[in-house]
Visitor: 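First, the structure itself, so that you have it in front of you.
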2 protein chains.
Amino acid sequence: MKVNKGVEWAAHACALLAVLPEGWTLSAEALAAYHDVPPAYMAKQMQALSSAGLVVSVRGAAGGYRLARPARDISLKDVFLAVEGAAPSFRCTEVRQNGPCGAAKAQCRKPCGIAASFYAAETAFRDSLAGVTIMDVVASASAASDLGKAAKIATWIQSNASRPGTER
Amino acid sequence: MKVNKGVEWAAHACALLAVLPEGWTLSAEALAAYHDVPPAYMAKQMQALSSAGLVVSVRGAAGGYRLARPARDISLKDVFLAVEGAAPSFRCTEVRQNGPCGAAKAQCRKPCGIAASFYAAETAFRDSLAGVTIMDVVASASAASDLGKAAKIATWIQSNASRPGTER
DNA sequence: CATTATTCGGATAAAAAATATCCGTAAACA
DNA sequence: TGTTTACGGATATTTTTTATCCGAATAATG
């Protein structure tokens, strides 16, 4: 059971978008450069975030991405579901219906105990992620870093982000 | 994020071993036939359960598998870890150390907020599974089935299980 | 003691999924 | 009109999962 790498990248991208000045955007290419990951694949993850409504995409020159809503209203569960999809991780193949003692289909309208337990565990997993917002992530990151780094990031944003509808 | 199929099979196999008379065993082949799954692959999962100490294997003619301890003392978490392995599902690639604003390695001794949150979520997942025992699974299955099925299973066990050290 | 049935471990093959890239199109701006 | 960017689909590559097979070890049986 492995979480897609894209989830990690998407989460970090959201954290960076969260500290962007109001109305500014970052292109997929800039986000990839910031995190030093493959640009084309980073772009794919951003598309997933976009179609899930977590970020807003701005096309055209000086376009890019920005968060669709405040960082406090976006959770890691949202990011996880956007990138990973909502399909349950446990795939019940109904083995109880198989073999010489297989149960009748009519008796299998509710999931078996094993499947139900895994569904419950996955709910616990998602609930745990739902309790962490992008704002929390940003806060913990800035708590762990010094003033010099914050300045570095601000400078990088200044020269790599853009504000659509206006000259940079 | 997908749970291996083998986890489901192994859990069902444990549930069947749980209703076996004391000291009896079921071969990997019999377990595969009962659940109508590929014998060689079922055998692999049983090996995993065996090396994790959840089941005891008996070699030789009339050999097979039996639970290593009471069904109430084996949880779905045990089965999950045995088959799936203990490696965390979230693989942090330390992207925070990458790129133009990468953090120094010395400042990354603790996991970042994102990684920590996913580790916590996985703990929640496992804790949830830890609360369900094979005994619980058997109980919920028998609650959902009728008397006829129980008799069917008992008959099947009679003719497919074996008791090492004695004639069947 | 030979035969048979079984687990064990490793090697290997096939299928599926994750990872990664590319390209044509549409949109927005200068 | 030209440039820059997101979008969506197609495709390639790599890794993981799924599945099979085989030889060695082990134990019961006749």
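Quick note on labels: first sequence line is chain A, next is B, and so on, each numbered from 1.
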Visitor: On DNA chain C, check which nucleotide each of A/Glu84 and A/Pro39 is closest to and give me the residue with the more 5' one.
Guide: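 Mapping each residue to its closest nucleotide by heavy atoms, the 5'-most match is A/Glu84.
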
Visitor: Please state whether the phosphate of C/dT19, meaning OP1 or OP2, lies under 4.0 angstrom from any side-chain nitrogen or oxygen of B/Arg91.
Guide: yes

Visitor: Starting at atom CZ of B/Arg66, determine the distance to atom P of C/dT6, rounded to an integer number of angstrom.
Guide: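 Interatomic distance, CZ of B/Arg66 to P of C/dT6: 16 Å.
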
Visitor: Does the A/Ser50 side chain pair with the main chain of A/Met46, one donor and one acceptor, at a distance under 3.5 Å?
Guide: no

Visitor: Over 60° means perpendicular and under 30° means parallel, so tell me whether A/Phe118 and B/Phe80 are parallel, tilted or perpendicular.
Guide: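 Answer is tilted, since the angle falls between 30° and 60°.
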
Visitor: Checking all strands, does A/Ala28 fall into the base, sugar-phosphate, or nothing category for heavy-atom contacts under 4.0 angstrom?
Guide: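 The answer is sugar-phosphate, as A/Ala28 gets under 4.0 Å only of primed atoms, P, OP1 or OP2.
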
Visitor: Is the backbone N or O of A/Thr93 less than 3.5 Å from a side-chain atom of B/Glu8, with the two atoms forming a donor-acceptor pair by type?
Guide: yes

Visitor: Would you say D/dT13 has OP1 or OP2 under 4.0 Å from some side-chain N or O of A/Tyr41?
Guide: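 A/Tyr41 to D/dT13 OP1/OP2: no side-chain N or O under 4.0 Å.
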
Visitor: Checking contacts here: which listed nucleotide (D/dC7, C/dT19, C/dT4) is nearest the side-chain heavy atoms of A/Gln47?
Guide: D/dC7

Visitor: From the set C/dT4, D/dT26, D/dC7, return the single nucleotide nearest to any side-chain atom of B/Arg59.
Guide: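 When the side chain of B/Arg59 is considered, D/dT26 is the closest of C/dT4, D/dT26, D/dC7.
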
Visitor: Please confirm whether the shortest side-chain N or O distance from A/Ser50 to OP1 or OP2 of D/dC7 is below 4.0 Å.
Guide: yes

Visitor: On DNA chain D, nearest-nucleotide positions of A/Met46 versus A/Lys2: which is more 5'?
Guide: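 Residue closer to the 5' terminus by nearest nucleotide: A/Met46.
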
Visitor: Just call it for A/Lys5: base, sugar-phosphate, or nothing, with non-hydrogen atoms closer than 4.0 Å on any strand.
Guide: sugar-phosphate

Visitor: Whole angstrom is fine here: how far is it from CE in B/Met42 over to P in C/dC8?
Guide: 12 Å

Visitor: Can you tell me the distance, in whole Å, between the CD atom of A/Gln45 and the P atom of C/dT19?
Guide: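 For the pair A/Gln45 CD and C/dT19 P, the rounded distance is 8 Å.
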
Visitor: Look only at the side chain of A/Ser117 and the backbone of A/Gly113, and say whether a donor-acceptor pair between them is shorter than 3.5 Å.
Guide: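 Present.
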
Visitor: Quick one: A/Glu29 CD to D/dA6 C1', roughly how many Å, whole number?
Guide: 12 Å

Visitor: Please state whether the phosphate of D/dC7, meaning OP1 or OP2, lies under 4.0 angstrom from any side-chain nitrogen or oxygen of A/Ser57.
Guide: yes

Visitor: In whole angstrom, give the distance that lies between atom CG of B/Asn4 and atom P of D/dT15.
Guide: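 Interatomic distance, CG of B/Asn4 to P of D/dT15: 18 Å.
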
Visitor: Supply the atom-to-atom distance B/Tyr65 OH to B/Gln47 CD, rounded to the nearest 0.5 angstrom.
Guide: 5.5 Å

Visitor: Mind calculating the distance between CG (B/Leu17) and P (C/dT7) to the nearest angstrom?
Guide: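 In whole Å, C/dT7 P and B/Leu17 CG are 11 Å from each other.
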
Visitor: Please pick, from C/dT6, D/dA19, C/dA20, the nucleotide with the shortest atom-to-atom distance to any side-chain atom of B/Lys44.
Guide: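 Given the options C/dT6, D/dA19, C/dA20, the side chain of B/Lys44 is closest to D/dA19.
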
Visitor: Whole-Å distance between D/dG8 P and A/Leu49 CG?
Guide: 13 Å

Visitor: Taking the nucleotide of DNA chain D with the nearest heavy atom to each, does A/Leu26 or B/Pro38 sit closer to the 5' end?
Guide: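 Final value for this comparison: A/Leu26.
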
Visitor: Rounded to whole Å, please give me the gap between CZ in B/Arg163 and P in D/dT29.
Guide: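 Distance check: B/Arg163 CZ to D/dT29 P gives 11 Å.
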
